[in-house]
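Index from 1, following the sequence.
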Amino acid sequence: MTTTVDLEQETNPWQAQAARFDLAAHKLKLDEGLWKVLRSPSREIIVHIPVQMDDGHLEVFTGFRVQHSIARGPAKGGLRYAPDVNLDEVRALASWMTWKCAVVDIPFGGAKGGIICDPHKMSRGELERMTRRYTAELFEFIGPEKDVPAPDVNTDEQIMAWMMDTYSMHLRQTCTAVVTGKPVNIGGSRGRREATGRGVLMVCDQAIKKLRLNRDSTRVIIQGFGNVGSNAARLMAEAGYKVIGILEVGGGLYKKDGIDMEALWEFRQRNGSIHGFPGAESRDPDELLLADCDILIPAATENVITSQNADRVKCKILAEGANGPTTAAADDILSEKKVFVIPDILANAGGVTTSYFEWVQDRQGYFWKESEVNERLGDIMVAAFDHVVRYSETHGVNNRIAAYMLAIDRVAYTIRQRGIYA
Ligand code: GLU
């Protein structure tokens, strides 16, 4: 009974965020007032949106937008569609965006949105109407200088296009910079689609350099094959890493010498799923998560590595492609095992960094080549990695707490400079 309650606490993303925040703020000796300011989100919006379903009946969906901080710039962060979205999760994800943008030092605060729905059971028309009504409800609260949404779990370029269009219709002028992650022909950035996966590759490159490993002998297991996992897998295989395992809900794939990623990618395009791919053995996903490898990349959702399995994880490097895949209780276990953790607010920051480039390009009305986008992304990811690792070494804390300390310090500094209004 107690264990169930504890695990519930442990896997509450808001608690997971708060535990790390408190520890980092304590180490920073953050003053009590700023502690209070940064511990809670600055604005939480809840909307109940009516949507006409295809069969004619009306459904009401609950949606959230949480703006955690606008100290360093407009709030920034994705929008997710899932049946288990809840306010605590969106709150945590919003604050992670604040810390993430500060770690990579881009001029944004943090926000997140979510709608409780099952997008896989909805038609395209239903999704469009729900997205448009949600955007309309938030019209006053979002905008290029206020809060800039982007894709997250189960949302994509098409959804961003509908959001941009709805916002523009209300404004009575086209405004592309209101959301990022749009299709390239309507204000999207080249390289944005692959950016989170590419950022994961970039930080893994830095980590293996530090641990004196080579790409071609580095075995990688990836959990999740959505936007982040599939792009990370493809780019890492292309760069010479041995991607030996991919696991998803309902099944996993394993091949000792490395899975042919191009073949798997094509198989998934044709069949809509990775299951049944003939080029690898099928494996139990829970077993694969704990299999021997050099780099483990959780790239799906929260709470994958917990106090229940952290002691059995066998990787040397944990690169968090997802937001919040590791609970706070698991942090200590991983530290003891000397796993080199590249925390989510650093490892998956390639997405929002390229969103920043998209926002800049939209405001300039001038679009960059993909090579230019990737090069600038590399500069930012490498600098942020070095900064976090150096901070961790000088302050004697693990990489996650170092990243939080760095981020909190930057945000707190700005708040002190701006001062508190009235
Ligand atoms: N949803 C992504 C994240 O969690 C991207 C956010 C953005 O591009 O604003 O970082």
Side-chain angles (χ1 to χ4, degrees), residues 45-65 77-86 89-90 93 112-139 142 147-171 174-190 192-197 224-231 248-250 265-275 299-301 351 355 358 362:
I45 304 153
I46 303 179
V47 292
H48 300 286
I49 42 179
V51 176
Q52 176 130 39
M53 305 306 274
D54 290 347
D55 66 2
H57 87 278
L58 269 183
E59 202 54 74
V60 175
F61 294 92
T62 299
F64 310 101
R65 185 75 187 168
L79 165 67
R80 63 171 56 181
Y81 289 173
D84 55 355
V85 164
N86 60 74
E89 181 194 31
V90 180
L93 290 159
K112 202 73 161 203
I115 303 182
I116 307 171
C117 65
D118 189 347
H120 304 297
K121 294 200 178 124
M122 293 169 71
S123 71
R124 195 179 154 89
E126 290 167 346
L127 279 174
E128 177 172 356
R129 292 191 290 279
M130 183 180 77
T131 302
R132 287 189 182 276
R133 183 63 188 251
Y134 173 79
T135 311
E137 294 290 339
L138 291 179
F139 181 71
I142 59 174
D147 179 0
V148 186
D152 197 79
V153 175
N154 293 329
T155 54
D156 57 13
E157 292 172 9
Q158 177 60 71
I159 286 171
M160 295 305 116
W162 289 327
M163 290 188 83
M164 185 279 270
D165 182 68
T166 308
Y167 183 82
S168 298
M169 289 295 126
H170 281 253
L171 199 64
T174 294
C175 174
T176 52
V178 62
V179 291
T180 58
K182 300 178 295 296
V184 170
N185 59 306
I186 45 169
S189 174
R190 292 185 181 88
R192 174 63 185 87
R193 192 185 294 167
E194 303 80 17
T196 313
F225 209 63
N227 175 274
V228 182
S230 64
N231 280 300
E248 275 210 307
V249 184
W265 190 276
E266 264 172 42
F267 180 88
R268 209 248 325 234
Q269 295 288 83
R270 254 183 290 122
N271 302 286
S273 141
I274 62 165
H275 306 315
T301 49
S355 277
E358 181 171 330
D362 285 341

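- Taking both residues in full, the closest heavy atoms of P149 and V178 are given as CD-O, 3.2 Å, listed atom of the first, atom of the second, then distance.
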Full working for salt bridge (Lys or Arg N to Asp or Glu O under 4.0 Å) between R124 and E128: CA-CA 6 Å; R124 195 179 154 89; E128 177 172 356; 5.8 Å; no
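- Without hydrogens or angle criteria, K182 side chain to M164 main chain gives no donor-acceptor distance under 3.5 Å.
- A search for salt bridge (charged side-chain N to carboxylate O under 4.0 Å, His left out) contacts involving E59 returns nothing, not counting sequence neighbours.
- For Y167, the ring-ring contact (aromatic ring centres under 6.0 Å, His included) partners are F139, not counting sequence neighbours.
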Evaluate the side chain to side chain contact (heavy atoms under 4.5 Å, CB included) criterion for residues N154 and H120: first the C-alpha distance (whole Å), next the side-chain angles of each, then the deciding distance (0.1 Å), finally the verdict. CA-CA 9 Å; N154 293 329; H120 304 297; 3.5 Å; yes
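- The distance from atom NE2 of H275 to atom CZ of F225, rounded to the nearest 0.5 Å, is 11.0 Å.
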Between D156 and R193, is a salt bridge (Lys or Arg N to Asp or Glu O under 4.0 Å) present by the stated rule, with each step listed? CA-CA 9 Å; D156 57 13; R193 192 185 294 167; over 6 Å; no
Could you walk me through whether Y134 and M163 pass side chain to side chain contact (heavy atoms under 4.5 Å, CB included), step by step? CA-CA 9 Å; Y134 173 79; M163 290 188 83; 4.3 Å; yes
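- The main-chain N or O of R80 is never found under 3.5 Å from a side-chain atom of T155 such that the two would form a donor-acceptor pair.
- Using a 4.5 Å heavy-atom threshold, the side chains of M169 and T166 count as separate.
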Apply side chain to side chain contact (heavy atoms under 4.5 Å, CB included) to the pair I115 and V85, showing each step before the final yes or no. CA-CA 7 Å; I115 303 182; V85 164; over 6 Å; no
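- Residues R192 and S355 bring a donor and an acceptor atom of their side chains to less than 3.5 Å of each other.
- At distances below 3.5 Å, not a single donor-acceptor pair connects side-chain atoms of R65 with backbone N or O atoms of I142.
- N231 places a side-chain N or O within donor-acceptor distance of the main-chain N or O of N227, the cut-off being under 3.5 Å.
- With hydrogens and angles ignored, the 3.5 Å screen pairs no side-chain donor or acceptor of D152 with any backbone N or O of A150.
- Remark: the T131 side chain and the Y81 side chain contain an N/O donor-acceptor pair separated by less than 3.5 Å.
- Side-chain contact between D165 and R132: present, with at least one pair of heavy atoms (C-beta onward) separated by less than 4.5 Å.
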